[in-house]
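Heads up, the thing below is written out as structure tokens.
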Number of protein chains: 2
Amino acid sequence: MNNTPRDGGIEAVFSQLREISRRSNARSRIIDHPLTFVEHSLLRFIATTEGARATDIATAFSLNRSTVSRQINTLIRLELVQYQDSENSAESPTHGPSGRGKILALTERGHSQLASSTAAHQNVVQERLTGWTDAEITSFAAALARYNAAE
Amino acid sequence: MNNTPRDGGIEAVFSQLREISRRSNARSRIIDHPLTFVEHSLLRFIATTEGARATDIATAFSLNRSTVSRQINTLIRLELVQYQDSENSAESPTHGPSGRGKILALTERGHSQLASSTAAHQNVVQERLTGWTDAEITSFAAALARYNAAE
DNA sequence: GCCTAATGTTGCATTATGCAACATTGAGTG
DNA sequence: CACTCAATGTTGCATAATGCAACATTAGGC
């Protein structure tokens with residue numbers, strides 16, 4: 001590493017991603033309104049993942065299923081999340097039969113809180129992007145998406 | 001939000017950064033060789049921060065000083081880190097007088113392990129960047145750096 | 001030299017997590 | 001349909017990580 005300009009670029013990308021992680025994790029210890037980092041992450045996953053189940057969350061976040069079970073029960077207690085009724089999922093026009101596992105869904109309050117939390121976080125991103133042109137932002141988003149799309 | 005193309009771009013950036021966080025945190029629960037995520041993060045901070053002290057780490061990572069104190073003692077026990085002697089820091093050509101707080105430094109073993117861990121992580125980044133041109137990588141790194149440079 | 005603030009440590013309680021065992025449920029097969 | 005097995009989710013328990021508070025030590029300023 002560090003032998004070619006390409007290596008230098010890779011090193012710089014790694015370094016910057018590390019900085020993004022550091023800042024994100026530092027922020028996660030501070031922010032708890034309207035949602036904690038974990039709450040937000042889980043709600044977001046459920047909102048964006050068709051037929052999300054506890055085991056999907058455990059896989060996506062490399063967490064033990066027991067941890068996820070408890071986290072979900074916390075969200076249920078907070079009335080942010082509910083299990084879909086099997087009748088609902090069978091009749092839902094956009095959901096197939098429920099299959100294995102209990103499907104999670106956001107409550108109305110869950111949607112609302114997630115939207116509120118997302119807006120707050122996006123404001124921070126917006127401020128960091130002050131001075132960027134629209135094209136630069138679009139290009140940056142595309143590069144990030146391309147990077148994330150890789151397996 | 002979501003009213004203009006700029007808003008859409010900001011939302012996309014946020015979404016992608018969120019994905020980077022999720023993946024990073026998921027990996028952090030799995031990887032522990034040669035260093036855990038925390039070990040790597042702390043070593044990296046000490047290696048890249050002139051005159052790094054425990055309180056600097058606590059601030060940078062939004063951790064309580066007691067947590068950092070214990071983390072550092074773990075690193076010391078693992079012979080990855082040591083406190084600089086006050087004589088060393090006074091005589092060091094690149095360090096000013098030590099001032100408040102104990103300055104941290106990597107041991108030889110710490111440097112070696114950090115390099116090894118960094119190489120492993122950068123390999124992962126390299127694979128994710130497969131198919132990118134050198135210029136694309138450089139541009140991506142620059143955009144990330146620009147994003148991170150904002151306050 | 002004295003005082004105060006900054007820094008780092010330690011005890012204790014709390015929180016989050018993983019492992020293991022288990023119960024429940026869904027899928028597949030005959 | 002019955003049976004078997006795997007997948008899924010829950011619960012008990014132990015462990016790890018963290019924050020708060022109190023305190024000791026050290027450095028800086030007057």
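Chain letters run A, B, ... following the sequence lines, proteins first, then strands; residues in each count from 1. Nothing here was measured: the structure is a model prediction, and the numbers come from that model.
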Do B/Val13 and A/Leu144 come close enough that some side-chain heavy atom pair is under 4.5 Å?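 Side-chain contact under 4.5 Å: yes.
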
What I'd like to find out is whether the side chain of A/Leu42 reaches to under 4.5 Å of the side chain of A/Phe37, using heavy atoms alone.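 Contact flag for A/Leu42/A/Phe37 side chains = no.
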
For [N] and [X] - does any side-chain N or O of the residue sit under 4.0 Å from the phosphate oxygens OP1/OP2?
X: B/Tyr83; N: C/dT7; result: no
X: A/Arg53; N: D/dT8; result: yes
X: B/Lys102; N: C/dT9; result: yes

Using heavy atoms to find the nearest nucleotide of DNA chain D for B/Leu63 and A/Thr55 separately, return the residue whose nucleotide is more 5′.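 It is A/Thr55 whose nearest nucleotide is closer to the 5' end.
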
Looking only at side-chain atoms of A/Arg29, point me to the closest of C/dT17, D/dG19, C/dT9.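 Taking heavy atoms from C-beta onward, the closest nucleotide is D/dG19.
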
Angle between ring planes, A/His121 versus A/His40, binned at 30° and 60°: parallel, tilted or perpendicular?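 Perpendicular, since the angle between the ring planes exceeds 60°.
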
Does a side chain donor of either A/Asn148 or B/Glu19 reach within less than 3.5 Å of an acceptor in the other side chain?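 On atom types as modelled, these side chains do not qualify, holding no pair under 3.5 Å.
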
Return the value, rounded to whole Å, for the distance between atom [atom1] of [X] and atom [atom2] of [N].
X: A/Arg100; N: C/dG26; atom1: CZ; atom2: P; result: 9 Å
X: B/Leu42; N: C/dG8; atom1: CG; atom2: P; result: 14 Å
X: A/Ile72; N: D/dT8; atom1: CD1; atom2: C1'; result: 11 Å
X: B/Arg77; N: C/dT9; atom1: CZ; atom2: C1'; result: 14 Å
X: A/Phe61; N: C/dA16; atom1: CZ; atom2: C1'; result: 16 Å
X: B/Gln71; N: D/dA16; atom1: CD; atom2: C1'; result: 12 Å
X: B/Ile57; N: C/dT7; atom1: CD1; atom2: P; result: 13 Å
X: A/Leu75; N: C/dA16; atom1: CG; atom2: C1'; result: 14 Å

Is there any protein nitrogen or oxygen under 3.5 Å from a nitrogen or oxygen in nucleotides 10-13 of chain C, and what are the pairs?
unit_1: C/dG11; atom_1: O6; unit_2: B/Arg70; atom_2: NH1; d: 3.3

Flag this pair as yes if the NZ/CZ of B/Arg146 is under 6.0 angstrom from the six-membered ring centre of B/Phe140 and inside a 45 degree cone about the axis; otherwise no.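 No - B/Arg146 does not lie over the ring of B/Phe140 by the 6.0 Å and 45° rule.
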
Cation over ring, A/Arg53 on A/Phe45, under 6.0 Å and within 45°?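 The answer is no, since A/Arg53 fails at least one limit relative to A/Phe45.
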
Have a look at B/Ser62 and say if it touches a base, only the backbone sugar-phosphate, or nothing, with a 4.0 Å heavy-atom cut-off.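 Sugar-phosphate, backbone atoms only, no base.
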
For the side chain to side chain contact (heavy atoms under 4.5 Å, CB included) test, which of B/Thr74, B/Leu75, B/Asn73 pairs with B/Val81?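 That would be B/Leu75; it is the only one of B/Thr74, B/Leu75, B/Asn73 passing the side chain to side chain contact (heavy atoms under 4.5 Å, CB included) with B/Val81.
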
